[in-house]
Amino acid sequence: MAARRISSICLARSSQRPLGCAPRSRSHFSLPQPRNARQLQTAPILYSQQLANVKVKRGPATKIVRGASKLFKSADEAVTDIESGSTILSAGFGVCGTAETIIGAIERRGVNSLHSLTIVSNNAGGSIGGGITPLVESEQISRLLCSHIGANKELEKKYLRGEIAIELCPQGTIAERVRAGGAGIPAFFTPTGINTPIQSGDIPVRLGPIDKATNTATVLEAGKPRETRIFDGKVYGMETAIKGDVAILRAHKVDEAGNCQFRYTTKSYNQLMGKAAKITIVEAENIVRVGEIHPDNVHLPGIYVDRIVPAEAPKLIEVRKTNEVKEEKGGDASKSESQIRRERIARRTAKELKHGYYVNLGIGIPTLAPSYLSPETKVWLQSENGILGMGPYPSENEVDADLVNAGKETVTLIPGASTFDSAESFAMIRGGHIDVSILGALQVSATGDLANFMIPGKMFKGMGGAMDLVGNPDQTKIVIATDHVAKDGSPKIVDRCTLPLTGARVVSTIITDLCVFEVDRSKGGLTLTELAPGVDVEMVREKTGARFAVADDVKSME
């Protein structure tokens, strides 16, 4: 494998910003513009300190006494020696598999006793609370690294007001950074985030006051540009490992030696984070004697676990979704215009799913596509939180808090399914083993650029797993399923994206409620190949913000 450093650009950047200098400050949040591979910039290694260094002095790490009992009477007892300024790895996905009992104990310590925490968590709690939400509300967190803040609107407001620092990082990259931290690997290179604000460091970590002259927020702490290298003609960005002072987990079954067994999608980050901290505390739903967990069922060996406490907080379900659908009477006449549009897009999207395909579906419209497959078409649905072989929504009796999809909805498994941690999940995705990935969009450009995770100053949700999902478009076909225009009537298909990119030149097919476009990713350009019933080419031109060619034989979407 050939590898070379983009040294000339690296030297140019280093002359502008010396190694170890303070982050850019008082700058304004400007939108990054897409670049091609030859124009990519890189930066010198800026990561001389680990994420755990939040400039708060603290004493030496708690000593581990080998041979001592790992059992603690309560979570309150197990967290008494956590120090202010610590980095805490909080496992779970949404509120599935989160250590609610331990989080409650940390909150009870209070902000005067325990504060200035850096939290690493895929999500920032859920729409119903739970997860790290109590620690956000108690103001014990000063810094958060996550991929998605989801429906935590209070946290979003705190970030936009400059009250908390948030470092956004793609979901699969967090998983791999944590895995690397636990494995003693200081850094690695990944295709995820290239040609996006992740690579350039243009997503602010901490905002300041609004500048009255420009009506934009000042940037007190900028993001960190990634060093880049080229391997076999492709650009990759360097990511550093994540290690914590404390990891907090929840397990279905734990024996007195610390061996852990997890259920279904609770594996997502529990297995990973339990290996990457100085002290790992696990709350157990069932504490059993040594030997009661079969060796084949040990998902996290006891060598990684230091403290065991009983799980007392109930499990939470963020989105309780069942298959109990009310009968629709009156056909399309009784459906809303929005519902008709969504079904039209989903019906056409289903044609992208061929028999035997391995498919990842984003949240929203993409999840509707499988319901329009013919009975003889069998596909394997992958969910990036750790499912291959995802089934339909459960009946009320089948609902399981430990089994959710990427949208945090309750789901089922089909025969032959498997569950695994998030590092395994994104290895499938980045490695090109998924045939088709279907996502939604805020904007898609004529060259196949995708923007779907934030609107600066207005919407700060995070990219979740989207950047990873579009990280290997040569092997995984990227299909966008979206309304043709936004709620305000502005076009979503544009000549050039003005919003921060999720990926550059990654989209192959765009399916909207009006038409289907095929994208020439190498040369750039759109070709209209299908029209929805009642829609003509001129209507599409009026609602599209980019020029496009028209195929000689335009077909009907239905």
List for me each residue that meets side-chain contact (heavy atoms from CB on, under 4.5 Å) alongside [X], sequence neighbours excluded, and say none if there are none.
X      : value
Ile455 : Leu442, Lys458, Met459, Leu499
Ser147 : Asn122, Gln171, Ile174
Glu318 : Val95, Ser127, Lys408
Ala284 : Val254, Ile287, Ile308

Salt bridge [X]-[Y], side-chain N to carboxylate O under 4.0 Å:
X      : Y      : value
Arg109 : Glu107 : no
Lys461 : Glu156 : yes
Glu409 : Arg320 : no
Asp245 : Lys278 : yes
Arg206 : Glu167 : no

- Evaluate the ring planes of Trp380 and Tyr358, with Trp represented by its six-membered ring, and classify them as parallel (under 30°), tilted (30 to 60°) or perpendicular (over 60°). parallel
Partners meeting salt bridge (Lys or Arg N to Asp or Glu O under 4.0 Å) with [X] (sequence neighbours left out):
X      : value
Glu384 : none
Arg263 : Asp400, Asp402
Arg161 : Glu154, Glu163
Arg250 : Glu283, Glu285

- Find the distance between OG1 (Thr98) and CZ (Phe93) and round it off to the nearest 0.5 Å. 12.0 Å
- Note on the structure: To the nearest 0.5 Å, atom CG of Leu145 lies from atom CD1 of Ile119 at 11.0 Å
- Under the side-chain contact (heavy atoms from CB on, under 4.5 Å) rule, what do Leu300 and Asn259 come out as? Steps first, then yes or no, please. CA-CA 6 Å; Leu300 181 68; Asn259 295 308; over 6 Å; no
- Message: Quick test of your reading: applying side-chain hydrogen bond (donor to acceptor under 3.5 Å, both in side chains), list the pairs with at least one residue in residues 289-306, sequence neighbours left out, ordered by first then second residue.
- Response: Arg289-Glu292
- Message: List the residues meeting ring-ring contact (aromatic ring centres under 6.0 Å, His included) with Tyr264, not counting sequence neighbours, and say none if there are none.
- Response: none
- Residue list, ring-ring contact (aromatic ring centres under 6.0 Å, His included) with Phe188, at least two apart or on another chain: none
- Task: Would you tell me whether Lys321 and Thr410 have side-chain atoms, one donor and one acceptor, within less than 3.5 Å of each other?
- Result: no
- The side-chain contact (heavy atoms from CB on, under 4.5 Å) partner of Gln140 among Ile132, Leu114, Ile88 is Leu114
- Message: Taking the side chain as everything from C-beta on, heavy atoms only, tell me whether Ile82 gets closer than 4.5 Å to Thr80.
- Response: no
- Message: Tell me which pairs pass salt bridge (Lys or Arg N to Asp or Glu O under 4.0 Å) where either residue lies in residues 115-124, with sequence neighbours left out.
- Response: none
